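Scroll down for the structure; my scribbles are underneath it.
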Amino acid sequence: MDQDMIVLARVKLLSANRRVVRGTEGLWIYRVLAQAEPKAYGSKLAYVLVEESTSPLVRELPERRLALLDEAVKVAKALDASNPYRAKTLARALAARQRELEDRQAEPRSSDDREHRLAHQEEPQERA
């Protein structure tokens, strides 16, 4: 891990002056810091990953949402068993991933399928 990146991430974290840095900046900060200190930053990374999966930036990108949630589950599972936030973080990540999968099943297969069905529902009848 590049020490300059770690220092930069720490500076950004301290300058944010918030308990949890959110958004793409938070993702970058916690991804860098979780690699260097997973015990200290892993649970915050998982938290921000789940939060970002609901962002307007990925609203129309189901594969990206699922990738964020998969990463959140992976990070939460990797937390040390002695971490007091592990159970809560893992439960939150798993629940969000499950909701995403259920939402996918509830959605129509694709817009192409919908258009195909609509086109064939009202075919013009020939006049004799």
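In what follows, residues are counted from 1 in the order of the sequence shown. Note that this is a predicted model, so its numbers are computed, not measured.
Within the structure, salt bridge (Lys or Arg N to Asp or Glu O under 4.0 Å) contacts touching residues 33-43 (residues at least two apart or in different chains) are R10-E37. Each salt bridge (Lys or Arg N to Asp or Glu O under 4.0 Å) pair with one or both residues in residues 83-95, not counting sequence neighbours, would appear here, but there are none. The salt bridge (Lys or Arg N to Asp or Glu O under 4.0 Å) pairs that include a residue from residues 50-59 are R22-E51, where partners are two or more places apart or lie in different chains.
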Output a table of donor-acceptor pairs, distance under 3.5 Å, between side-chain atoms of residues 69-81 and any protein atom two or more places apart or on a different chain; print 'none' if there are none.
unit_1	atom_1	unit_2	atom_2	d
D70	OD1	R97	NE	2.3
D70	OD1	R97	NH2	3.2
E71	OE1	R31	NH2	2.7
E71	OE2	R31	NE	3.0
D80	OD2	S82	N	3.1
D80	OD2	S82	OG	2.3

Residues 11-19 side chain polar contacts: donor-acceptor under 3.5 Å, at least two apart:
unit_1	atom_1	unit_2	atom_2	d
S15	OG	V11	O	3.1
S15	OG	K12	O	3.1

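When all heavy atoms are compared, the tightest approach of S43 to T89 is CB-OG1, 3.8 Å. Across all non-hydrogen atoms, the minimal contact from L27 to L45 is O-CD1, 4.3 Å.
Counting only heavy atoms from C-beta outward, the side chains of Y30 and V20 approach each other to under 4.5 Å. Taking the side chain as every heavy atom from C-beta outward, W28 and L8 approach each other to under 4.5 Å.
Y85 belongs to no multi-residue hydrophobic cluster, having no ILVMFWY side-chain contact under 4.5 Å with any other such residue.
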- Query: Given V48 and I29, is the side chain to side chain contact (heavy atoms under 4.5 Å, CB included) satisfied, shown in steps?
  - Reply: CA-CA 10 Å; V48 173; I29 290 170; over 6 Å; no

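For the side-chain hydrogen bond (donor to acceptor under 3.5 Å, both in side chains) test, no residue two or more places apart in sequence or in another chain qualifies with E25. For P62, the side chain to side chain contact (heavy atoms under 4.5 Å, CB included) criterion is met by R65, E100, R104, not counting sequence neighbours. Scanning for side-chain hydrogen bond (donor to acceptor under 3.5 Å, both in side chains) contacts around Q3 gives an empty result, with sequence neighbours left out. Scored by the side-chain hydrogen bond (donor to acceptor under 3.5 Å, both in side chains) test, E60 finds no partners at all (sequence neighbours excluded).
Follow the hydrophobic side-chain contacts under 4.5 Å out from I6 and you reach Y41 in the same cluster. Following chains of ILVMFWY side-chain contacts shorter than 4.5 Å, one cannot reach L49 starting from L66, and the two form parts of different hydrophobic clusters. Cluster annotation: L90 is not connected to L68 through the hydrophobic network of ILVMFWY side chains, with a link wherever side-chain heavy atoms come within less than 4.5 Å.
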